[in-house]
Amino acid sequence: MKLLRSLVAAGTVSLMATATVAQERFITIGTGGQTGVYFVVGQSICRLVNRGSADHGLKCTAPSTGGSIANINAIAAGDMDMGVAQSDWQYHAYNGSSQFEGNKFEKARAVFSVHGEPFTVIARADAGISSFEDLKGKRVNIGNPGSGQRATMEVVMNALGWSLDEFALASELKPAEQAAALGDNKVDAIIYTVGHPNGSIQEAVSTVDAVLVPVEGDAIDGLIEANPFYAGATVPGGMYKGSDADTRTFGVKATFVTSADVPDDVVYEVVKAVFDNFDRFKRLHPAFENLKEEEMIADGLSAPLHPGAEKYYKERGWM
């Protein structure tokens, strides 16, 4: 009889374990290079989601990826569930414009925005670069294909009527590689659309004398005026060695995006994990320090809000 009860108990435990495994759902968040803030965003969100896995059954991973456009394409293809992307590329994906012309992602859905991302140019102090126009004839890392910074660099170049022929070298290094290239004198300047402070830029200015370069003028003013997802931005003076004064540029928002195909309850639980633990989230990176809930659910969202996110925001009385 004891043996029978033991077998029944073991069978029950086995069935319960099987049921538990069956209830687990795995979600993947696209990020960016490992030295960038996108990677921290994805890792931070997953950390908060995974803290509640016993309750909602979600298991979250956030691998390093090529960045904004690569993330959006992966979400559209169903290879990823969510991802971080610049607000301008969220807009272009949903509207089928710019690099998404002929490849409109109608199922793109906004979840929330995160930090601001100035378009940032860092140049070796000995390269004689004090303005964006001075990049002509220089060795410049324009960013890896698939990244938001590469695509935004191309937008700026188009606004100025430039081609790659303007540069002595146009390298395509990833964010994790460009600081070393600047320090090793393989490039004169690097481009990075990123939240500040940033570890990769800190690395660059600690290994070589370097300066932040302003990005301003009529062409930039025209971009800001014509595109609601762009805005003027400032990198505060004193944040990085060699740049004591404020540096004027323009920028976008980092946004968290998904697809209409991702179930409402999955998006709801991810949003809940972030905003129910908002103070903890803000402590995970200095770029998150000044985030405000009311701005995150409104600013930079250039695709329709996902119903799962909307449900949570209404429950909190924010909508």
Side-chain angles (χ1 to χ4, degrees), residues 19-32 37-63 65 68 71-72 74-76 78-87 90 94 105 107-117 195 253-319:
T20 300
V21 171
Q23 290 170 6
E24 287 186 347
R25 289 178 291 178
F26 294 87
I27 58 173
T28 305
I29 295 174
T31 60
V37 186
Y38 279 19
F39 186 72
V40 180
V41 171
Q43 291 288 315
S44 299
I45 292 172
C46 276
R47 181 185 300 182
L48 297 177
V49 169
N50 290 338
R51 289 179 74 242
S53 291
D55 298 322
H56 49 59
L58 297 179
K59 297 284 189 179
C60 181
T61 57
T65 70
S68 294
N71 292 340
I72 292 171
I75 295 168
D79 296 329
M80 289 188 174
D81 303 286
M82 304 171 192
V84 193
Q86 292 177 197
S87 54
Q90 178 191 136
Y94 181 70
F105 181 23
K107 291 185 176 182
R109 294 295 181 268
V111 182
F112 52 76
S113 66
V114 201
H115 55 282
E117 296 189 296
K253 281 275 192 179
T255 64
F256 196 53
V257 298
T258 187
S259 167
D261 290 336
V262 176
D264 292 2
D265 67 313
V266 171
V267 176
Y268 175 89
E269 292 294 349
V270 172
V271 171
K272 179 179 173 63
V274 172
F275 289 104
D276 278 9
N277 300 281
F278 193 56
D279 288 339
R280 183 188 296 268
F281 179 73
K282 291 201 297 181
R283 291 195 298 269
L284 295 176
H285 192 279
F288 307 159
E289 185 177 335
N290 297 313
L291 292 177
K292 297 178 175 62
E293 293 107 321
E294 62 270 22
E295 295 176 356
M296 292 175 67
I297 68 171
D299 294 353
L301 306 185
S302 42
L305 197 62
H306 192 285
E310 187 175 1
K311 177 185 177 184
Y312 178 85
Y313 301 149
K314 286 181 176 178
E315 286 181 358
R316 292 292 299 268
W318 296 343
M319 297 184 68

Non-hydrogen side-chain atoms of Y38 and Q86 separated by less than 4.5 Å
yes

Identify the heavy atoms of V111 and T258 that sit nearest to each other, and give their distance.
CG2-CG2, 3.6 Å

Give a yes or no answer on whether the side chain of T28 reaches the backbone of T61 with a donor-acceptor pair at less than 3.5 Å.
no

Is there a donor-acceptor contact under 3.5 Å from the side chain of S87 to the main chain of G300?
no

Minimum heavy-atom distance between A85 and S68, given as atom pair plus value
CA-OG, 3.4 Å

Contact between D276 and Y312 at the side-chain level, heavy atoms closer than 4.5 Å - yes or no?
yes

Side chain proximity check, F256 to I29, heavy atoms < 4.5 angstrom:
yes

Closest non-hydrogen contact found for A108 with P304 is O-CD, 3.9 Å

Indicate yes or no: does R25 engage D265 in a salt bridge with an N to O separation below 4.0 Å.
yes

On the 0 to 90° scale, with breaks at 30° and 60°, tag the F281-F278 ring pair as parallel, tilted or perpendicular.
parallel

Work out which heavy atom in V37 is nearest to a heavy atom in A287; give both atom names and the distance.
CG1-CB, 4.2 Å

Side-chain heavy-atom pair L291, V114 within 4.5 angstrom cut-off:
yes

Check: Q90 side chain, A303 main-chain N or O, donor-acceptor pair, under 3.5 Å:
yes

From Y313 atom OH to F112 atom CZ, the distance as rounded to the nearest 0.5 Å:
6.0 Å

Between D264 and H306, is there a side-chain heavy-atom distance shorter than 4.5 Å?
yes

Rounded to the nearest 0.5 Å, how far apart are CD of E295 and CG of N290?
9.5 Å

Tell me, yes or no, whether the heavy-atom count around K107 atom NZ, taken from other residues, nucleotides or ligands under 6.0 Å, exceeds 12.
no

Kindly compute the distance separating CZ (R280) from OG (S44), expressed to the nearest 0.5 Å.
11.5 Å

Does S113 reach the main-chain N or O of A254 with its side chain, forming a donor-acceptor pair under 3.5 Å?
no

At what distance, to the nearest 0.5 angstrom, does NE2 of H115 lie from NZ of K282?
15.5 Å

Side chains of T65 and N71: donor-acceptor distance under 3.5 Å anywhere?
yes

Side chain to side chain contact (heavy atoms under 4.5 Å, CB included), paired with V267, selected from V262, I27, D81:
V262

Let me confirm one number: the NZ-NE2 distance from K272 to H56, rounded to the nearest 0.5 Å.
9.5 Å

Of all heavy-atom pairs linking F39 and P63, the shortest is CE1-C, 4.2 Å

Heavy-atom side-chain contact between V41 and F288 under 4.5 Å
yes

Side chains of Q43 and L284 in contact at under 4.5 Å (non-hydrogen atoms)
no

SG-CE distance between C46 and M82, expressed to the nearest 0.5 angstrom:
9.0 Å

If you count the non-hydrogen atoms of other residues, nucleotides and ligands that lie under 6.0 Å from CD in E294, is the total more than 12?
yes

Please find the pair of heavy atoms, one from N277 and one from L48, that lie closest to each other, and give the distance.
CB-CD2, 4.1 Å

